[in-house]
Protein chains: 2
Amino acid sequence: MLGSPTHDRVAERRKAARREIIDAAWEVAHQKGIAAVTLKDVADRVGMRPPSLYSHFASKNAIYDAMFGQAWQGCLDALRAAADRGLPDDPRVAMTVMGRAYFEYAVADEARNQLMNARISADFQPSPEAYAPSLAVWELSRTHLAMIGVTAEADLDLYSAVVGGLVDAQLANDPGGERYARQLERAIGMLADHFGF
Amino acid sequence: MLGSPTHDRVAERRKAARREIIDAAWEVAHQKGIAAVTLKDVADRVGMRPPSLYSHFASKNAIYDAMFGQAWQGCLDALRAAADRGLPDDPRVAMTVMGRAYFEYAVADEARNQLMNARISADFQPSPEAYAPSLAVWELSRTHLAMIGVTAEADLDLYSAVVGGLVDAQLANDPGGERYARQLERAIGMLADHFGF
DNA sequence: TAGGTGAACCTAACATGATTAGGAGAATCC
DNA sequence: GGATTCTCCTAATCATGTTAGGTTCACCTA
């Protein structure tokens, strides 16, 4: 039975329903902010009643969890795409490319960024599965920095905190603007000097 | 009548009640997290029923608002205290003192920090009055940086974003630890180099 | 000092939002 | 074709913020 054509069809329908719910939740998040998403909003958009969502997700936080995983997976994809486009030989430029890829992904969608930092509700904690791509982003950053000779854990800490701080500042103080994009370039230049290349 | 001894007594009682409520809210925030504070929790602690809190605050967000103002006022006081202790002549050291004062205040209390960044609920927006000390902190930073020759707005942006990023990283990745305190020193050293002293 | 006034608290009720219980109808399996 | 399962439904529950309306008591005023 499992693996049968019918089972496949059922599984596909389930998957499609989950995806539809998640997409609806993103829409609401973009319109009203991630923390203001309500099961009624989501249910309305997919043509269901709120309790029916529980046929597809164990709870509201389970929906957040799926979104969280998607958000970080997208970030991972963006970083990989940037790297695949070819990291320049000059370590300064390579660091700029990486930093900018993260910054731009994070800054492009405030709701998504709040979700990625789990700034949603008091009780939301991402599951290990959803958390995996987030760890992968960290690992990828570690790898890329190592490729240009930065291997100390403390250096990765510093780099991440600086880039993260600029993302937050951009979203908090100049949402939709460009004010901190220039500061990002400067910051990465500083880090490059500090790391000695 | 207004300004009479009786009126004073009444006003004092009102003020005391407000303070008691705010203190209770801080207790709850420290125990359960700022976003999990409930009017019932607060009311229980001050020996009231939840609706009675509305005799002293217009809404739950009004309580948050008062807490927000307190938190930033405390930050302002901490920065002033650090400056009054005497900012060193060496601009590098002066910048370190300022940065460390902010970092330590912010990192000392996670609930308070979340509040200061208004990462509470979807609809909380601080009132102008509560926001004033936050602006004063920004102004004070501007003044201090100017005293050591850093006057460009972009430089203040960069400095604030970096320090803020380290605070967030500390609270997110090593709450209660020391991991990012060292990175703060390094970061300020980098900024000093970059600013050219 | 008795009556009026307002402040501060109460209980009851309401609105919203997450969640659970339990059932109906259709798709799927044997 | 009948049993089973899946998916959705309605109804109800619980938590929380908030409003309505009443009671008590301190305090002012005549």
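Throughout, a chain's letter reflects where its sequence line sits, starting with A, and its residues are numbered from 1. All values below come from the heavy atoms of this structure, side chains included, with hydrogens, waters and symmetry mates left out.
As judged by a 4.0 angstrom heavy-atom cut-off over every strand, B/V46 is placed among residues making no nucleic acid contact. Within 4.0 Å of A/V37, counting heavy atoms only, lie sugar-phosphate atoms of the nucleic acid but no base atom. Using a 4.0 Å heavy-atom cutoff across all strands shown, A/S52 reaches at least one base atom of the nucleic acid.
Electrostatic pairing of A/K60 and A/D65 does not count as a salt bridge here, judged by no charged N lying under 4.0 Å from a carboxylate O. Salt-bridge annotation for A/E139 and A/R142: present, with a side-chain N of the basic residue lying under 4.0 Å from a carboxylate O of the acidic one.
OP1 or OP2 of C/dG17 has not a single side-chain nitrogen or oxygen of A/K40 nearer than 4.0 Å. At least one side-chain nitrogen or oxygen of A/R13 sits closer than 4.0 Å to the OP1 or OP2 atom of C/dT28. OP1 or OP2 of C/dT11 lies within a sub-4.0 Å distance of a side-chain N or O belonging to B/R49. Distances shown here put a side-chain N or O of B/T38 below 4.0 Å from the OP1 or OP2 atom of D/dG17. At D/dC8, one or more side-chain N or O atoms of A/H56 fall inside 4.0 Å of OP1 or OP2 (strictly under the cut-off).
As rounded to whole Å, 9 Å separates atom P of D/dG17 from atom CD1 of B/I63. The interatomic distance linking A/D123 (CG) with C/dA18 (C1') rounds to 11 Å, in whole Å. Summarising the geometry, the separation between CD1 on B/I21 and P on C/dC9 is reported as 7 Å, rounded to the nearest angstrom. As a whole-Å value, the separation of B/F57 CZ from D/dT16 P is 20 Å. For B/L53 and C/dT11, the CG to P distance is 13 Å, given to the nearest whole Å. Separating the CG atom of A/L39 from the C1' atom of D/dT13 is a distance of 16 Å, rounded to the nearest angstrom. Counting to the nearest Å, the P atom of D/dT16 and the NZ atom of B/K60 are 9 Å from each other. In this structure, the CZ atom of A/R14 is 11 Å from the C1' atom of D/dT5, given to the nearest Å.
Inspection of the B/S59 and B/N61 side chains reveals no N or O donor paired with an N or O acceptor under 3.5 Å. Using modelled atom types, one finds a donor on one side chain and an acceptor on the other under 3.5 Å when comparing A/D109 with A/H30.
Closest to the side chain of B/M48, out of D/dT19, C/dC9, D/dC8, is C/dC9.
Taking the six-membered ring for Trp and thresholds of 30 and 60 degrees, A/F124 and A/Y64 have ring planes more than 60 degrees apart, a perpendicular arrangement.
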